[in-house]
Protein chains: 2
Amino acid sequence: MSDHEQQPLPPTSRLSGDALPPVEQHAQQYETVRNAHETELIEDYVELIGDLLRHRGEARAADIASRMAVSQATVSKMIRRLNELGLVTSRPYRSLFLTEEGHKMAETSRARHDIVLHFLRALGVRDTTARIDAEGMEHHVSDETLAIMQRFTEKHQP
Amino acid sequence: MSDHEQQPLPPTSRLSGDALPPVEQHAQQYETVRNAHETELIEDYVELIGDLLRHRGEARAADIASRMAVSQATVSKMIRRLNELGLVTSRPYRSLFLTEEGHKMAETSRARHDIVLHFLRALGVRDTTARIDAEGMEHHVSDETLAIMQRFTEKHQP
DNA sequence: CAAATAGTTTAGCCTTGGCTAACAATTATT
DNA sequence: AATAATTGTTAGCCAAGGCTAAACTATTTG
Ligand SMILES: [Mn+2]
Ligand SMILES: [Mn+2]
Ligand SMILES: [Mn+2]
Ligand SMILES: [Mn+2]
């Protein structure tokens with residue numbers, strides 16, 4: 001080590017933040033996030049299709065494209081995937097429908113989404129912001145946290 | 001419309017959940033999430049490098065690989081990207097270091113991460129769960145919500 | 001009913017973020 | 001010093017999720 005190069009500082013040079021978690025636990029944090037990201041988009045599609053069916057009576061690819069701010073080609077490709085996964089049934093130029101499994105996923109997702117949204121509002125977050133945050137947060141909230149959020153909302157917003 | 005096929009239900013058949021937001025607002029929700037996902041991994045790398053530097057004095061690719069539960073090849077590739085983005089400096093078989101910009105990003109990310117983590121703990125979430133949830137949520141929490149979380153934590157955990 | 005408009009699909013391209021396998025360089029052990 | 005073990009890089013593969021452009025189908029309208 002003869003060169004006068006940039007050297008790591010001693011570990012005591014700063015004392016903010018928590019300690020590093022043990023490697024296995026730390027690894028699990030990131031793994032869980034990666035897993036969530038694998039299903040996230042699927043869930044959002046299925047949830048949106050469910051919402052469109054409920055509120056509009058039908059779910060067309062074009063609506064999904066504009067509501068997601070994505071090209072119709074992107075939606076078309078995704079619908080094929082949802083089909084292969086057995087979550088939707090689709091026939092060209094007809095409304096999409098959810099399979100039994102798709103319907104279950106839509107309900108679960110919507111329930112979770114609502115809990116997070118209502119929680120944020122109960123916390124005091126403005127509606128528009130709450131909606132944006134909830135859209136991303138919903139996929140990363142454990143059942144444990146979800147339950148706590150629900151209780152909080154009930155207590156603070158009768 | 002001559003065939004007796006599956007028909008959309010009338011929009012009034014169920015009345016749960018909120019109404020659909022206007023298209024532009026709805027679109028913005030998804031766009032914000034997509035944007036967050038673009039920077040998410042970069043932030044996690046930079047934050048982890050910062051944490052390793054602070055707590056261990058050095059940040060080696062191998063540590064990142066095991067803490068993220070990802071192959072070394074993946075880390076190696078990512079480090080090249082971080083380099084190109086001007087966030088880290090690296091020389092083979094030496095510790096990584098953060099550039100000025102990288103350091104700033106690491107601090108910002110850690111601060112945000114800590115706020116979310118402490119908030120979840122203050123809410124009553126168990127530590128392990130809170131850590132997992134925070135890892136994913138942190139990237140989807142607006143400044144507005146962040147501020148509210150911080151105030152909440154201060155009030156409920158002196 | 002013909003033409004215009006709107007909706008849908010397909011093909012082909014790109015980036016990101018994973019992986020494995022093979023190789024290279026450094027560091028540790030005997 | 002030689003060998004072993006660890007660490008890092010590179011090449012090449014893959015899937016997901018975007019995009020545009022072009023073609024096709026359905027619906028609406030003049
Ligand atoms: Mn979502
Ligand atoms: Mn996410
Ligand atoms: Mn983080
Ligand atoms: Mn994170």
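Throughout, a chain's letter reflects where its sequence line sits, starting with A, and its residues are numbered from 1.
Taking atom CZ of residue B/Arg91 and atom C1' of nucleotide C/dT26, one finds them 14 Å apart after rounding to whole Å. When rounded to the nearest whole Å, the span between CD of B/Glu58 and P of C/dT26 equals 16 Å. Protein atom CZ of B/Arg94 is 8 Å distant from nucleotide atom P of C/dT26, rounded to whole Å. Rounded to whole angstrom, the span from the CG atom of B/Leu82 across to the P atom of C/dT16 amounts to 12 Å. Spacing between atom OH of A/Tyr30 and atom C1' of C/dG18 amounts to 17 Å, rounded to whole angstrom units. As rounded to whole Å, 9 Å separates atom P of C/dT27 from atom OH of B/Tyr93. With rounding to whole Å, A/His37 atom NE2 is found 22 Å from C/dT15 atom P. Residue A/Leu41 contributes atom CG, which lies 15 Å from atom P of C/dG17 at whole-angstrom precision.
A salt bridge between B/Glu107 and B/Arg110 is present, with a side-chain N of the basic residue lying under 4.0 Å from a carboxylate O of the acidic one. We find that A/Asp18 and B/Arg121 are joined by a salt bridge, their nearest charged nitrogen and carboxylate oxygen being less than 4.0 Å apart.
At a threshold of 4.0 angstrom between heavy atoms, the contacts of B/Ala65 with the nucleic acid are absent. Across all strands shown, B/Val75 has no heavy atoms under 4.0 Å from either base or sugar-phosphate atoms. Using a 4.0 Å heavy-atom criterion, one finds that B/Ile79 contacts no nucleic acid atom at all.
Here CG of B/Asp133 is found 10.5 Å from CZ of B/Arg126. Values are rounded to the nearest 0.5 Å.
Remark: B/Ser71 is in phosphate contact with C/dC19, judged by side-chain N or O atoms under 4.0 Å from OP1 or OP2. Side-chain nitrogen and oxygen atoms of A/Arg80 include none within less than 4.0 Å of the OP1 or OP2 phosphate oxygen of C/dA11.
Heavy-atom nearest nucleotides on DNA chain D were determined for A/Arg81 and for B/Asp63, and the one closer to the 5' end corresponds to B/Asp63. Comparing B/Arg60 and A/Ala62 along DNA chain C, the residue whose closest nucleotide (by nearest heavy atom) sits nearer the 5' end is A/Ala62. Nucleotides of DNA chain C nearest to A/Ser90 and B/Met78 differ in position, and the one nearer the 5' end is that of A/Ser90.
First and last contacts of DNA chain D with chain B, using any nucleotide atom under 4.0 Å from a protein heavy atom and ordered 5' to 3', fall at D/dT7 to D/dG18.
Remark: the B/His140 side chain and the B/His37 side chain contain an N/O donor-acceptor pair separated by less than 3.5 Å.
A heavy-atom distance below 4.5 Å is not found between the side chains of B/Tyr45 and B/Arg81.
None of A/Arg54, A/Arg60, A/Arg56 except one satisfies the salt bridge (charged side-chain N to carboxylate O under 4.0 Å, His left out) rule with A/Glu58; the exception is A/Arg60.
Contacts of B/Arg112 classified as side chain to side chain donor-acceptor pair (under 3.5 Å), with partners at least two apart in sequence or in another chain: B/Glu43.
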